[in-house]
There are 2 protein chains.
Amino acid sequence: MTAFYREHDRFIVSVDCVIFGLYNGRLSILLTRRKFEPEMGRWSLMGGFVKENESVDDAAKRVLFDLTGLENVFMRQVHTFGAVDRDPGARVISVCYCALINVDEHDYKRVRSHDANWIDMAEMPELGFDHHDMVENALRMLKRRFASEPIAFSLLPRFFTLTQLQQLYEVVVGDSIDKRNFRKRVAENPCIEKTELIDKTMSRRGAALYRYNDKLGSQSRFHI
Amino acid sequence: MTAFYREHDRFIVSVDCVIFGLYNGRLSILLTRRKFEPEMGRWSLMGGFVKENESVDDAAKRVLFDLTGLENVFMRQVHTFGAVDRDPGARVISVCYCALINVDEHDYKRVRSHDANWIDMAEMPELGFDHHDMVENALRMLKRRFASEPIAFSLLPRFFTLTQLQQLYEVVVGDSIDKRNFRKRVAENPCIEKTELIDKTMSRRGAALYRYNDKLGSQSRFHI
DNA sequence: TCAAAAGTGTTCAGGGTACACCCATGG
DNA sequence: CCATGGGTGTACCCTGAACACTTTTGA
């Protein structure tokens, strides 16, 4: 390190992850109760500290993996929170990330061992620190991105019905969507391919299974 | 500080400011040549280090003020860049901000003393580190926000003509706009008030002067 | 035969875009 | 009288939203 850098103040840097999940058909968020002061016992986001030998993005991935066992999920940086006294325990600059996962795919045991709970977004408790701001920011970003990027498909099985896809959009957007309009847009999108397969688990009649094809490059977007 | 925090790695945190400006009718960016290693002599963004007793946002404001003498300008956090080796001189985590200013209002002497130059966006040189990513991100954010938030009015004099307003939008959006359609949208927007004043400096005929009124709360938006 | 989910088209309104000419004035 | 910038209205298209009934089949 050159002399120029030596003299500057240094900071603890953390990542706080807003982990959204689909938990029996509803949008939920992974929260834990803090196990140490300050604010011990208060609900809070999943956080961790950045280490010297990892990038900030990698720190976020590590935290997500530790908690859920999942890799390669939709994960984005939301904002960096750097107020001087945002954490009363110490000066900590926190980079907030958000992820959206399928609760069924993650590793329950990991979540349990971290004393984390899935909480329905409609019943979100008060959170410590500036975590409420983080959740608001993250949710706004999630809704925006979800409606314009093909995030949904990483949450569905490889083959899915249009009803499943629509329900997923409805949960995230937080509103109901007209079935015919929805299917019209799907039909116009070359990335969503109908297969010959039929799913009979949800109805007597059976529903056509579709597949997402991202090989279409820049066209692999789906804007509901 | 509780014992819990003591053991964590600490980082130098910087802010890098992408300062866009309107310089004789074109979108420009404020750049400087690095005066120390690594990458001495390379064009780079305006940066500074966060200090222990200031928030990250305040650090960005301080850097902007030091460079331009301006306060209360449109200034937003863009993204945090945290790759391990993004700065070959040391591990530095950098929070990127962007600002858009009116070049005529700032303090030239400050800029000069920092050896900073306004460079037309069309002629942007190669930058050191990950500064090119920062500029791309910042420009994308600026265009998005400029088209949906009333940023323009802080760059214009208190009274302005519709031609001035339109030219400003054209410069930032980087495309030309139909005059009649533009004026139609202005007319529909209650925040842009026509005054009785006439500006005769730009034409023989004279142009009506308008004023922005942000007292209309949530309606004080102008979406071109 | 009925319950439960799948599937299917049309209409309408509003917003966005394209487009060309007259006006006022100072020099 | 002319050069310069200021100012104005309409037609069309396309997208997005609203809306209800038929089909299939296992139990």
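Below, chain A is the first sequence line, B the second, and so on; all start at residue 1. These figures come from a predicted structure and were not determined experimentally.
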J.: Strictly below 4.0 Å: does B/Arg204 bring a side-chain N or O up to OP1 or OP2 of D/dG6?
T.: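 False: B/Arg204 side-chain N/O out of range (4.0 Å or more) of D/dG6 OP1/OP2.
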J.: Let me check something: any side-chain donor-acceptor pairs from residues 171-183 of chain B under 3.5 Å, sequence neighbours excluded? List them with distances.
T.:
{"residue": "B/Asp178", "atom": "OD2", "partner": "B/Arg180", "partner atom": "N", "Å": "3.0"}
{"residue": "B/Asp178", "atom": "OD2", "partner": "B/Asn181", "partner atom": "N", "Å": "2.9"}
{"residue": "B/Asn181", "atom": "OD1", "partner": "B/Lys184", "partner atom": "NZ", "Å": "3.4"}

J.: To the nearest Å, give me how far apart CZ (B/Arg183) and C1' (D/dG9) are.
T.: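 Taking atom C1' of D/dG9 as the reference, CZ of B/Arg183 is at 14 Å.
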J.: Which residues pass the side-chain hydrogen bond (donor to acceptor under 3.5 Å, both in side chains) test with B/Glu170, sequence neighbours left out?
T.: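 Partners of B/Glu170 under the side-chain hydrogen bond (donor to acceptor under 3.5 Å, both in side chains) test: B/Gln166.
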J.: Measure CD1/A/Ile177 against C1'/D/dC19 and give the value in whole Å, please.
T.: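 Answer to the nearest Å: 16 Å.
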J.: What donor-acceptor contacts under 3.5 angstrom involve side-chain atoms of residues 123-130 of chain A, with partners at least two apart or in another chain?
T.:
{"residue": "A/Glu126", "atom": "OE1", "partner": "A/Arg42", "partner atom": "NH2", "Å": "3.4"}
{"residue": "A/Asp130", "atom": "OD1", "partner": "A/Arg86", "partner atom": "NE", "Å": "3.4"}
{"residue": "A/Asp130", "atom": "OD1", "partner": "A/Arg86", "partner atom": "NH2", "Å": "3.1"}
{"residue": "A/Asp130", "atom": "OD2", "partner": "A/Arg86", "partner atom": "NE", "Å": "2.6"}

J.: Using a 4.0 Å heavy-atom cut-off, write out nucleotides 10-22 of chain C from 5' to 3' as B (base contacted by protein), S (sugar-phosphate only) or - (no contact).
T.: B------BBBB--
J.: Check the distance between D/dT25's C1' and A/Asp199's CG and give it to me in whole angstrom.
T.: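 Distance, rounded to whole Å: 14 Å.
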J.: According to side chain to side chain contact (heavy atoms under 4.5 Å, CB included), who are the partners of B/Lys200, at least two apart in sequence or on a separate chain?
T.: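 Counting only residues at least two positions away or on another chain, B/Lys200 forms a side chain to side chain contact (heavy atoms under 4.5 Å, CB included) with B/Ile198.
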J.: If you assign each of B/Ser203 and A/Tyr210 to its closest nucleotide in DNA chain C, which residue comes earlier from the 5' end?
T.: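 The residue whose closest nucleotide sits nearer the 5' end is A/Tyr210.
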J.: Can you pull out the residues from residues 163-173 of chain B that lie within a 4.0 Å heavy-atom distance of DNA chain C?
T.: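 Residues of residues 163-173 of chain B that come under 4.0 Å of DNA chain C do not exist, since none gets that close.
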J.: Whole Å only: how far is the CG atom of A/Leu209 from the P atom of C/dA6?
T.: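 My rounded result for the distance is 11 Å.
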J.: By ring pair (Phe, Tyr, Trp, His ring centres under 6.0 Å), which residues pair with B/Phe20, not counting sequence neighbours?
T.: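 With neighbours one apart ignored, the set is empty.
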J.: With sequence neighbours excluded, tell me which residues meet side-chain hydrogen bond (donor to acceptor under 3.5 Å, both in side chains) with B/Ser94.
T.: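 Partners of B/Ser94 by the side-chain hydrogen bond (donor to acceptor under 3.5 Å, both in side chains) criterion, ordered by chain and then number, come out as B/Ser14, B/Asp16.
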J.: Restricting to ring pair (Phe, Tyr, Trp, His ring centres under 6.0 Å), what partner residues turn up for B/Tyr108, sequence neighbours left out?
T.: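 By the ring pair (Phe, Tyr, Trp, His ring centres under 6.0 Å) rule, B/Tyr108 matches B/His106.
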J.: Going by distance alone, is a donor N or O of one side chain under 3.5 Å from an acceptor N or O of the other, for A/Ser55 and A/Asp57?
T.: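 Their side chains do not contain a donor-acceptor pair, so the 3.5 Å distance test is not met.
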J.: Given atom CZ of B/Phe182 and atom P of D/dG7, what is their separation to the nearest angstrom?
T.: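 Between P of D/dG7 and CZ of B/Phe182: 12 Å.
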